[in-house]
K.L.:
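Dumping the structure here so I can ask a few things about it.
Just so you know, ligand 1 is whichever comes first in the structure, and atom 1 is the first atom listed for that ligand.
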Amino acid sequence: MNIPQTGLSKQEILAALQAFKGRDMDWKSGKVFCYVYDPGEDPAEVTKEAYLAFLSENGLDPTVFPSLLKLETDVVRAIVNLLRGDANAVGHLTSGGTESIMLAVKAARDKARVEQPHIAQPEMILPKTAHAAFHKAAHYLSVKPVIVDIDPVTFKVRAEDMEKAITENTILLVASAPNYSQGVIDPIAEIGAIAQKHNLLFHVDGCVGGIHLSFMRKLGYQIPDFDFTVSGVTSISADMHKYGYAAKGCSVIMYRSKDIRKYQIFACTDTTGYTLVNPTVLSSKSGGPFAGAWAILNFLGEEGYQRIVQTVQEATRKIIAGVNAIPELRVLGQPAMCMFSFASDSLNVYQLADEMGKRGWYIQGQFSTPLTPRNLHISITYGSAPNADALLQDLRECVEIVKAKEPIDSDSIKAMINMALQSPDPEAAFGQLAASAGLSGTELPTEMAFINEVMDALPDAVCNTFLINYFNDLYA
Ligand SMILES: *Cc1c(COP(=O)(O)O)cnc(C)c1O
């Protein structure tokens with residue numbers, strides 16, 4: 001668009017914005033199993049009002065907006081306490097899990113620069129199940145990711161494999177509680193002991209699960225210790241905007257002490273401009289996400305969170321049992337909380353996701369790796385818990401539909417990919433392949449099965465380039 005010569009009315013603008021949502025997935029239906037964490041109407045309303053009340057305040061300068069300092073330290077302390085840190089534990093609010101992870105890696109890198117200046121190429125050890133945000137941090141911060149395979153039955157990393165990967169350049173160990181893909185918790189206590197033995201920092205990625213798991217523990221569920229009670233754990237990330245049910249734009253990065261956190265903070269007085277001190281990546285930032293997080297914690301309280309977690313876990317138990325009862329499907333590993341993935345030995349799960357999509361359900365496809373089959377992921381939230389029976393009913397029916405469908409010919413797709421890989425201009429060849437699958441230009445795809453099939457078969461590096469090019473075109 002161009003900026004209109006004369007401004008539109010508020011009604012016109014709001015109507016236009018609402019119309020843009022027409023093609024979005026209807027997350028309010030509770031049929032979208034990722035991206036939106038819905039705490040129900042009343043808590044969402046309180047969060048929204050709190051957010052708007054701090055929309056314009058700027059977190060850049062706590063001396064000008066002491067209210068934001070108060071909101072941030074309150075929320076951080078509440079989550080540090082939930083994750084059983086002591087009085088020395090500290091943290092910051094960030095814009096999301098990715099920023100929290102980025103900062104944990106930066107703190108580790110900069111601590112090593114000071115204390116171990118002989119390390120020219122720092123390394124961090126990542127289970128194959130670690131979130132892609134660590135790879136992004138590695139890429140941005142020039143830390144080398146050292147990937148460790150996982151146990152293909154439990155989908156957890158083995159602590160001894162983490163230890164074997166340690167070199168004199170290692171600056172950080174990483175594990176998840178739980179990982180996103182299969183929802184299982186890595187052996188945090190064992191890895192913590194290894195971190196201590198080798199005097200290494202150890203980050204636990206509790207972005208998605210740190211808060212939910214803590215309330216499960218309080219409800220009496222058997223949850224292995226994954227938080228600051230594990231003495232080797234030096235930092236933890238936990239997203240308020242996931243199972244904290246806050247508005248998006250809020251995560252917590254926590255450290256065992258200020259001695260580590262200080263390496264996260266950046267200051268600069270070398271310019272003609274104002275003095276800059278930034279604890280996080282963002283500099284100017286709305287107070288909205290801080291206020292939203294503060295509001296939801298206080299509105300729900302311990303009781304509200306425990307009620308939500310109990311409801312979600314009951315729905316999860318039902319859904320996992322129901323999925324496993326479908327002969328063609330099997331849940332992978334033993335999920336620790338309300339997120340899991342399932343695979344099939346006999347039918348194409350990407351086709352299953354498309355069929356479910358026609359009925360308004362959004363279920364995320366995940367690609368195969370040498371140790372994990374292709375699968376579909378479901379994260380259950382308070383908003384989707386009431387749909388457990390309806391989900392299972394549609395899954396059973398869609399399995400039958402996919403069984404009766406023409407299967408996707410994986411072998412001929414692999415053959416096409418090999419031809420494209422060997423062609424003089426592989427990028428152009430993949431572009432054509434993608435276009436034939438409906439994935440090109442600025443149009444959004446509707447059926448994903450064929451596209452997923454192609455991407456699953458592509459070598460990772462080629463797939464990454466392809467996706468970058470696709471987005472480079474999509475945002476016209
Ligand atoms: C979602 C997630 C992240 C990244 O969080 P964003 O808020 O999307 O940046 C990191 N780790 C895990 C385990 C996650 O589930």
Side-chain angles (χ1 to χ4, degrees), residues 27 32-38 75 79 83 91-106 124-141 145 147 150 155-157 172-186 188 191 202-214 223 226-227 233 235-254 280-282 285-286 288-290 292-293 296 312 316 332-333 335-341 362-366 372 375-381:
W27 61 266
V32 176
F33 291 99
C34 51
Y35 304 137
V36 179
Y37 299 75
D38 180 8
V75 173
I79 302 303
L83 291 157
H92 273 293
L93 295 187
T94 70
S95 61
T98 299
E99 189 180 354
S100 291
I101 286 166
M102 205 84 96
L103 290 169
V105 175
K106 178 206 174 315
M124 67 173 151
I125 302 180
L126 302 178
K128 182 74 177 169
T129 44
H131 194 274
F134 290 97
H135 294 258
K136 187 172 170 184
H139 180 72
Y140 279 32
L141 295 163
I147 314 300
I150 47 143
F155 303 95
K156 300 175 184 183
V157 75
L172 180 65
L173 305 182
V174 169
S176 309
N179 61 44
Y180 184 88
S181 51
Q182 275 72 44
V184 301
I185 306 175
D186 287 320
I188 304 298
I191 299 170
F202 175 27
H203 181 82
V204 171
D205 181 4
C207 276
V208 73
I211 295 170
H212 189 96
L213 286 172
S214 298
I223 304 292
F226 68 90
D227 55 17
V233 172
S235 58
I236 306 178
S237 46
D239 293 351
M240 279 303 299
H241 68 198
K242 285 185 179 160
Y243 286 102
Y245 293 97
K248 263 176 278 295
C250 193
S251 167
V252 192
I253 175 68
M254 293 163 274
T280 61
V281 177
L282 299 187
K285 52 190 170 189
S286 168
F290 296 31
I296 191 96
V312 169
T316 303
L332 299 177
M337 46 179 264
C338 52
M339 318 161 60
F340 67 93
S341 62
Y362 186 81
I363 305 179
Q364 249 174 354
Q366 299 187 131
T372 52
N375 60 76
L376 301 182
H377 173 98
I378 286 186
S379 287
I380 296 149
T381 70

K.L.:
What do we get for Glu99 next to ligand 1 when only non-hydrogen atoms under 4.0 Å count, side chain, backbone, both or neither?
P.N.:
neither

K.L.:
Could you check whether any heavy atom of Lys248 sits closer than 4.0 Å to an atom of ligand 1, since that is the contact criterion I want to use?
P.N.:
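Flag not set, Lys248 not near ligand 1.
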
K.L.:
Give me the nearest non-hydrogen protein atom to atom 11 (N) of ligand 1 as residue plus atom name, then the distance to 0.1 Å.
P.N.:
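Minimum-distance protein heavy atom for atom 11 (N) of ligand 1 reads Asp205 OD2, 2.6 Å.
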
K.L.:
Say whether Thr280 and Lys285, considering side chains only, have a donor N or O and an acceptor N or O under 3.5 Å apart.
P.N.:
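Indeed, the side chains of Thr280 and Lys285 share at least one donor-acceptor pair under 3.5 Å.
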
K.L.:
Heavy atoms only, cut-off 4.0 Å: how does Cys207 contact ligand 1, side chain, backbone, both, or neither?
P.N.:
side chain

K.L.:
Checking a contact table here: which protein heavy atom is nearest atom 6 (P) of ligand 1, and how many Å away?
P.N.:
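Atom 6 (P) of ligand 1 sits closest to the protein heavy atom Gly97 N, 3.5 Å.
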
K.L.:
With rounding to the nearest 0.5 Å, note down the distance linking CD1 in Ile363 to CG in Asn375.
P.N.:
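If we round to the nearest 0.5 Å, Ile363:CD1 and Asn375:CG are 12.0 Å apart.
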
K.L.:
Give the atoms of ligand 1, by number and element, whose distance to some non-hydrogen atom of Gly96 is under 4.0 Å.
P.N.:
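With Gly96 as reference, the close atoms of ligand 1 come out as 7 (O).
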
K.L.:
Mark up the atoms of ligand 1 that fall under 4.0 Å of a heavy atom belonging to Tyr180, in ascending order.
P.N.:
15 (O)

K.L.:
Could you tell me, atom by atom, which parts of ligand 1 come under 4.0 Å of a heavy atom of Thr98?
P.N.:
4 (C), 5 (O), 6 (P), 9 (O)

K.L.:
Taking the side chain as every heavy atom from C-beta outward, state whether Phe226 and Leu83 have any atom pair closer than 4.5 Å.
P.N.:
yes

K.L.:
Nearest protein heavy-atom contact for atom 2 (C) of ligand 1: which residue, which atom, what distance?
P.N.:
Lys242 NZ, 2.2 Å

K.L.:
What are the atoms of ligand 1, with element, lying closer than 4.0 Å to any heavy atom of Asp239?
P.N.:
5 (O), 7 (O)

K.L.:
With side chains defined as the heavy atoms from C-beta onward, is the minimum distance between Met240 and Ile296 less than 4.5 Å?
P.N.:
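Yes, side chains in contact.
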
K.L.:
Taking only non-hydrogen atoms of Asn179, do any sit less than 4.0 angstrom from ligand 1?
P.N.:
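So Asn179 does not count as touching ligand 1.
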
K.L.:
Have Ser237 and His203 got a donor and an acceptor in their side chains that come within less than 3.5 Å?
P.N.:
yes

K.L.:
Checking side-chain polar atoms at under 3.5 Å, does His92 have a donor or acceptor matched by the opposite partner on Thr94?
P.N.:
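Note: His92 and Thr94 side chains miss the donor-acceptor criterion.
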
K.L.:
Look at the rings of Tyr37 and Tyr245 and say which category their plane angle falls in: under 30° parallel, 30 to 60° tilted, over 60° perpendicular.
P.N.:
perpendicular

K.L.:
Check whether Lys248 reaches the backbone of Tyr35 with its side chain - one donor and one acceptor, N or O, closer than 3.5 Å.
P.N.:
yes

